[in-house]
Amino acid sequence: MIKDDIYASIFGGVVGDALGVPYEFYSKEELDENPISKMDGYGTYNQPPGTWSDDTSLTISLMDSLASKECVDYHDIMNKFSAWYYDSFYTPLGHTFDVGRTTQAAITRYQDGVDPIDCGGRDGHDNGNGSLMRIIPLCFYLYANDTSMADSIETINNVSALTHGHRISTASCNIFNFIVDEILSSYNDSFTSIIDNAINTSSTYYNNELYSPFDRIFSGNLFDLPLESIGSTGYVVNSLEVAIYCCYHTSCFEDALLMALNLGGDTDTNGKITGDLAGLYYGFDSIPKEWLDNLINKEYIESICDNFIFTLNL
């Protein structure tokens, strides 16, 4: 793993987030008529082009905590999440918007004195994509530290549970991590082989009745479905399916990301998660320069990446 891997994945995700922000909640039918193809602005949240959302804010706050503490410090992570929510730290333009219900409730619990890893919702209705969208820095941290599989799963469970503690959310984050680990370990393999191998690994942990929402993934049927069958809501399993389906059925960063975005629905988060994986696999140079150049406060994200990379001694 080298500096470019982290830059490629983080900025791939940020670009996906920013491209999706103006179109969140648009339907696939609306986007079929006017597809996302460039860095637009305003739209759903009336933000200028290049504005990234809570997806990126929570990602870089987690990255900043891992770098500043040089360990996984659950209290510090939640303090940084709180600084984002209450004081608009880690935002592109100095204000917080698009806050997920489950994340907001978890931060409120933390401020009320609840232990960090008990803050995340554990009900079936708490399975939004709010922990999956920010987990990528932890994947890099665990890989760089050669963390064992058992310890990685436990740590990912806990970091997910800061906001999303249900087993479906924590499993989604771990399946995502298996894919990241496979990409970092198998540079010369095709993206389809990497995804298949990661799913096979994941199935040894999660392919049982407790994790039935992942049945389409573990059976392999997901990849045989028409695009119209892929859900694009904020449900964490939908977002995981969007990312791996779009990466599986395309052959470059831009195509994977635009396929995910133009499904509509939770466009910023689905774009973020797809961009994380596609950026990592295809590399930084695969990200269109025009999209990167239009990002707001790009230098701020670069500085957090640089501190994180320095901490990992890469």
Other residues, nucleotides, ligands: >12 heavy atoms within 6.0 Å of [X] [atom1]:
X	atom1	value
His125	NE2	no
Glu228	CD	yes
Phe89	CZ	no

Could you tell me whether the side chain of [Y] reaches within less than 4.5 Å of the side chain of [X], counting heavy atoms only?
X	Y	answer
Ile301	Trp52	yes
Glu254	Trp291	yes
Ile168	Tyr235	yes

Quiz item: Going by side-chain heavy atoms closer than 4.5 Å, which hydrophobic residues are tied to Tyr45, directly or by a chain of links?
Solution: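 Joined to Tyr45, directly or through intermediates: Val21, Phe25, Phe97.
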Quiz prompt | Other cluster members, Phe310 - Ile/Leu/Val/Met/Phe/Trp/Tyr, side-chain contacts below 4.5 Å | solution =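 Joined to Phe310, directly or through intermediates: none.
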Quiz item: Quick one: do the Tyr143 and Asp181 side chains pair a donor with an acceptor below 3.5 Å?
Solution: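 There is no such pair between these side chains.
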Practice problem: Report yes or no: do Asp196 and Tyr248 form a side-chain donor-acceptor pair below 3.5 Å? | Solution: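 Their side chains do contain a donor-acceptor pair, which is all the 3.5 Å distance test asks for.
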Quiz prompt | Closest non-hydrogen atom pair, Ser65 against Asp76 | solution =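 Shortest heavy-atom contact: OG-OD2, 2.6 Å.
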Quiz prompt | Closest non-hydrogen atom pair between Gly100 and Asp54, with its separation | solution =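 Taking every non-hydrogen atom into account, N-OD2, 4.1 Å.
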Which value, rounded to the nearest 0.5 Å, describes the distance between [X] atom [atom1] and [Y] atom [atom2]?
X	Y	atom1	atom2	answer
Ile199	Ile195	CD1	CD1	7.0 Å
Thr102	Asn129	OG1	CG	9.5 Å
Ile60	Lys80	CD1	NZ	12.0 Å

Self-check item: Ion pair check, Arg122 and Asp126, cut-off under 4.0 Å
Solution: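 Between Asp126 and Arg122 there is no salt bridge, as every charged N stays at least 4.0 Å from the carboxylate O atoms.
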Self-check item: Carboxylate-amine/guanidinium proximity below 4.0 Å for Glu241 and Arg216
Solution: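 Result for this pair is yes, salt bridge flagged.
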Practice problem: Can you spot which of Phe223, Phe253, Tyr245, Tyr282 makes a ring-ring contact (aromatic ring centres under 6.0 Å, His included) with Phe191? | Solution: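 In the set Phe223, Phe253, Tyr245, Tyr282, the residue that makes a ring-ring contact (aromatic ring centres under 6.0 Å, His included) with Phe191 is Tyr282.
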Quiz prompt | Tyr211-Phe218 aromatic ring centre distance below 6.0 Å | solution =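 No, the ring centres sit 6.0 Å or more apart.
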Could I get the full list of salt bridge (Lys or Arg N to Asp or Glu O under 4.0 Å) partners for [X], not counting sequence neighbours?
X	value
Asp32	Lys28
Arg109	none
Asp306	Lys3

Exercise. Would you check, one step at a time, whether the test side-chain hydrogen bond (donor to acceptor under 3.5 Å, both in side chains) holds for Ser172 with Ser169?
Key: CA-CA 5 Å; Ser172 295; Ser169 289; over 6 Å; no
Quiz item: Would you find a donor on one side and an acceptor on the other, under 3.5 Å apart, between the side chain of Thr51 and the backbone of Gln47?
Solution: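 Side chain of Thr51 to backbone of Gln47, a donor-acceptor pair under 3.5 Å: no, none is there.
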Quiz item: Could you go step by step and tell me if Lys272 and Asp268 meet the salt bridge (charged side-chain N to carboxylate O under 4.0 Å, His left out) rule?
Solution: CA-CA 6 Å; Lys272 166 69 167 62; Asp268 57 337; over 6 Å; no
Quiz prompt | Tyr300: partners by ring-ring contact (aromatic ring centres under 6.0 Å, His included), with sequence neighbours left out | solution =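 Listed in chain order: nothing, the list is empty.
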